[in-house]
A.B. asks: 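Take a look at the following structure, please.
Any value given below was found using the heavy atoms of this structure, including those in side chains, with hydrogens, waters and symmetry copies removed. Throughout, a chain's letter reflects where its sequence line sits, starting with A, and its residues are numbered from 1.
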2 protein chains.
Amino acid sequence: MPPNKHSPALSSGSASVQDYVKVIYSFTEWQDEPISSSQLANRLGVANSSVSEMVRKLVELGLAIHEPYSAVELSDEGRRLALAMVRRHRLLETFLVQELDYAWDEVHDEAELLEHTVSDTFIERLSAKLGYPHRDPHGDPIPDAHGTVDIPQAHQLAILDAGHTGRITRISDSNPALLRFLSAEDIGLDDHVEVIGRKPFGGPVVVRVGTAGRDRELDLGDEAASALWVFSDKPHAGCALAT
Amino acid sequence: MPPNKHSPALSSGSASVQDYVKVIYSFTEWQDEPISSSQLANRLGVANSSVSEMVRKLVELGLAIHEPYSAVELSDEGRRLALAMVRRHRLLETFLVQELDYAWDEVHDEAELLEHTVSDTFIERLSAKLGYPHRDPHGDPIPDAHGTVDIPQAHQLAILDAGHTGRITRISDSNPALLRFLSAEDIGLDDHVEVIGRKPFGGPVVVRVGTAGRDRELDLGDEAASALWVFSDKPHAGCALAT
DNA sequence: ACAGTTTTTTCGGCATGCCTAAATTTATCG
DNA sequence: CGATAAATTTAGGCATGCCGAAAAAACTGT
């Protein structure tokens, strides 16, 4: 056993370790399949070989589970750490928007850096100051201090069949430009959506969106339609591409 | 010339570089002598050899001026960077105390970490939110966004002669335990002080302190008396040890 | 001024995390 | 099945910052 306490509670690990663990976790937050090495490399912007190395380290640290040549999964310990990081990230984003008047699309990168630096004390005081929020500005659920999250049932707009109606529960924050576009189109969290259909040959998705009565029809490209997650009005929202 | 723009404005440098520059600067903020290698090593908690290396790098980066075997000084560029870091540190401390209810003695370490991570945007928004403060919770002056500071005329209580009276302008934040002691003794910023004298054989300094009318006499050990800086009521406060 | 002490610098080494290039394993398809 | 393609891992290197030990320079006191 390396210089590693029995159950390191949340003794973090380096910023890199935290990043890896968070990405591994996030990959399965709204989907299911565990992440592969190259997907990890992609999301982290590092070479595949770096991932191999680091994953070995994560396994040594007891944070990940990994059979050579197969997907990477988190141990309970790893998931705890990941959830702590996700909590940090989302609370920081909420803080930046609510207290420092950051725009929607500006918060991600700043939070990405800060999450490795702030102390647990900082995070808990922040949470208190913000009124113990459960959802961040993009609609992502904020785990509580013990690592409990509830992940709302939601589907990407891109995979919903025509006719579906629902509410936008979450908007992926991974592309700031896309967030600016959505903001310009006045599409926001909790807006109503109705899927009208899809233009032929993989064309844009046509939807009707809007807050309250003010709704309008518009075309959404694939990236936009994938970034929008909707909580369907139909209880058992089937969706075409569900495999 | 290394991969270094002409006048990198404030393109920071690594956290280490920032720390070195800040310590070099801080050393002369209230005194005058430039800092020596071993003093630098001491304050940074690193080996002398590490300092030699890093100082060479600082010179390469155009941040420091250094003749072998003599003290280290900052270039204009280095001073700019140092002031930016000091600004960050002090604004962060102010924020932690005012907005997140940190105690006086808890803020230093957290700010020390955060100052390397937050963006300029963050700092400017924070400054606005706090109402553009000029003094941090320990009384240290906060440089403005352009790197202008005014450093109040102040002397360490430890070196003032008997009879001096003044106001506590600044309380060094380098020792949290000492801050807790002072807080327990109810000694705070802007309190009035009168130096009564010094007990024999390098004994404690006897002072009379207090807010408004509620003042009392007490003995202060050398460390405490050195941490307290007072703005003297006498215009040309002479002091015994001034050399 | 010069022998001894102190300060500073130089010299290899180490750890972390990243890279490219070269194996190696796994997957795919005729 | 086997050849080729794709994914993964190993091997060797690089940069940053740190260290201890040893060499070099700078202060000391008599």
A.B. asks: With no hydrogens and no angle check, do the side chains of Glu29(A) and Ser26(A) hold a donor and an acceptor under 3.5 Å apart?
C.D. replies: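 No, Ser26(A) and Glu29(A) have no side-chain donor paired with an acceptor closer than 3.5 Å.
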A.B. asks: Can you tell me the distance, in whole Å, between the OH atom of Tyr20(B) and the C1' atom of dC18(D)?
C.D. replies: 8 Å
A.B. asks: Can you confirm whether the side chains of His116(A) and Asp19(A) place a donor and an acceptor under 3.5 Å from each other?
C.D. replies: yes
A.B. asks: Here's a test of your reading of the structure: between Met54(B) and His66(A), which maps to the more 5' nucleotide of DNA chain D?
C.D. replies: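 Counting from the 5' end, the first nearest nucleotide belongs to His66(A).
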A.B. asks: Among the nucleotides dG17(D), dT9(D), dT8(C), which one has an atom lying closest to any side-chain atom of Pro68(A)?
C.D. replies: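 Ranking dG17(D), dT9(D), dT8(C) by closest atom to the Pro68(A) side chain puts dT9(D) first.
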A.B. asks: Quick one: Glu67(B) CD to dT7(C) C1', roughly how many Å, whole number?
C.D. replies: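 My rounded result for the distance is 17 Å.
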A.B. asks: Please report, rounded to the nearest Å, how far the P atom of dT9(C) is from the CG atom of Leu40(B).
C.D. replies: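 Distance check: Leu40(B) CG to dT9(C) P gives 10 Å.
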A.B. asks: Distance check: side-chain N/O of Ser50(A) vs OP1/OP2 of dC18(C), anything under 4.0 Å?
C.D. replies: no
A.B. asks: Glu60(A) CD to dA15(C) P: how many Å, rounded?
C.D. replies: 13 Å
A.B. asks: Roughly how many Å is it from CG in Asn42(B) to C1' in dC18(D), rounded to a whole number?
C.D. replies: 16 Å
A.B. asks: Rounded to whole Å, please give me the gap between CG in Leu44(B) and C1' in dC18(D).
C.D. replies: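 Nearest whole value for this atom pair: 12 Å.
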A.B. asks: Using a heavy-atom cut-off of 4.0 Å across all strands, would you classify Ser37(B) as base, sugar-phosphate, or nothing?
C.D. replies: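 Sugar-phosphate: the residue Ser37(B), judged by heavy atoms under 4.0 Å, touches backbone atoms but no base.
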A.B. asks: Quick one: which of dG20(D), dA11(D), dC18(D) gets closest to the side chain of Ser49(A)?
C.D. replies: dA11(D)
A.B. asks: Check whether any side-chain nitrogen or oxygen of Ser36(A) sits under 4.0 Å from OP1 or OP2 of dA7(D), and answer yes or no.
C.D. replies: no
A.B. asks: Please give, in whole Å, the distance from dT16(D) C1' to Leu61(B) CG?
C.D. replies: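 The distance from CG of Leu61(B) to C1' of dT16(D) comes to 12 Å, rounded to the nearest Å.
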A.B. asks: Classify Ser70(B) by what it touches in the nucleic acid, base, sugar-phosphate, or nothing, heavy-atom distance under 4.0 Å.
C.D. replies: nothing
A.B. asks: Side chains of Glu115(A) and Lys22(A): does their closest heavy-atom pair fall under 4.5 Å?
C.D. replies: yes
A.B. asks: For the pair made of CG in Leu58(A) and P in dG17(C), what is the distance, rounded to whole Å?
C.D. replies: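 Atom-to-atom, Leu58(A) to dG17(C), this comes out as 10 Å.
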A.B. asks: Counting heavy atoms from C-beta on, name the nucleotide in dG17(D), dT9(C), dT8(D) closest to the side chain of Asn48(A).
C.D. replies: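 The answer is dT8(D).
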A.B. asks: Do Ser226(B) and Leu157(B) come close enough that some side-chain heavy atom pair is under 4.5 Å?
C.D. replies: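 When only atoms from C-beta onward are counted, Leu157(B) and Ser226(B) do not touch, as no gap falls below 4.5 Å.
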A.B. asks: Any side-chain N or O of Ser16(B) under 4.0 Å from OP1/OP2 of dC18(D)?
C.D. replies: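 So the side chain of Ser16(B) is within the cut-off, an N or O lying under 4.0 Å from OP1 or OP2 of dC18(D).
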A.B. asks: Of the candidate nucleotides dT9(D), dG12(D), dT9(C), which contains the atom at the shortest distance from the side chain of Ser52(B)?
C.D. replies: dT9(C)
A.B. asks: Taking only the side-chain nitrogens and oxygens of Tyr69(B), find out if one of them lies under 4.0 Å from OP1 or OP2 of dT10(C).
C.D. replies: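 Tyr69(B) to dT10(C) OP1/OP2: no side-chain N or O under 4.0 Å.
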A.B. asks: For dC19(D), does the base pair up with any side-chain atom of Glu53(B) as donor and acceptor (N or O, under 3.5 Å, distance only)?
C.D. replies: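 Looking at the base of dC19(D), it does pair with a donor or acceptor on the side chain of Glu53(B) (distance under 3.5 Å).
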A.B. asks: Under 4.0 Å from OP1 or OP2 of dA6(D): is there any side-chain N or O of Ser38(A) that close?
C.D. replies: no
A.B. asks: Do you see a donor-acceptor pair shorter than 3.5 Å between the side chains of Glu93(B) and His138(B)?
C.D. replies: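 Looking only at side-chain atoms, His138(B) and Glu93(B) do form a donor-acceptor pair, the distance falling under 3.5 Å.
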A.B. asks: Assess Arg43(A) against Phe27(A): is NZ or CZ under 6.0 Å from the centre of the six-membered ring, and within 45 degrees of the ring's axis?
C.D. replies: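 Because its charged atom misses either the 6.0 Å distance or the 45° angle limit, Arg43(A) does not stack over Phe27(A).
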A.B. asks: Looking at every strand, decide which applies to Ala47(B) at a 4.0 Å heavy-atom threshold: base, sugar-phosphate, or nothing.
C.D. replies: sugar-phosphate
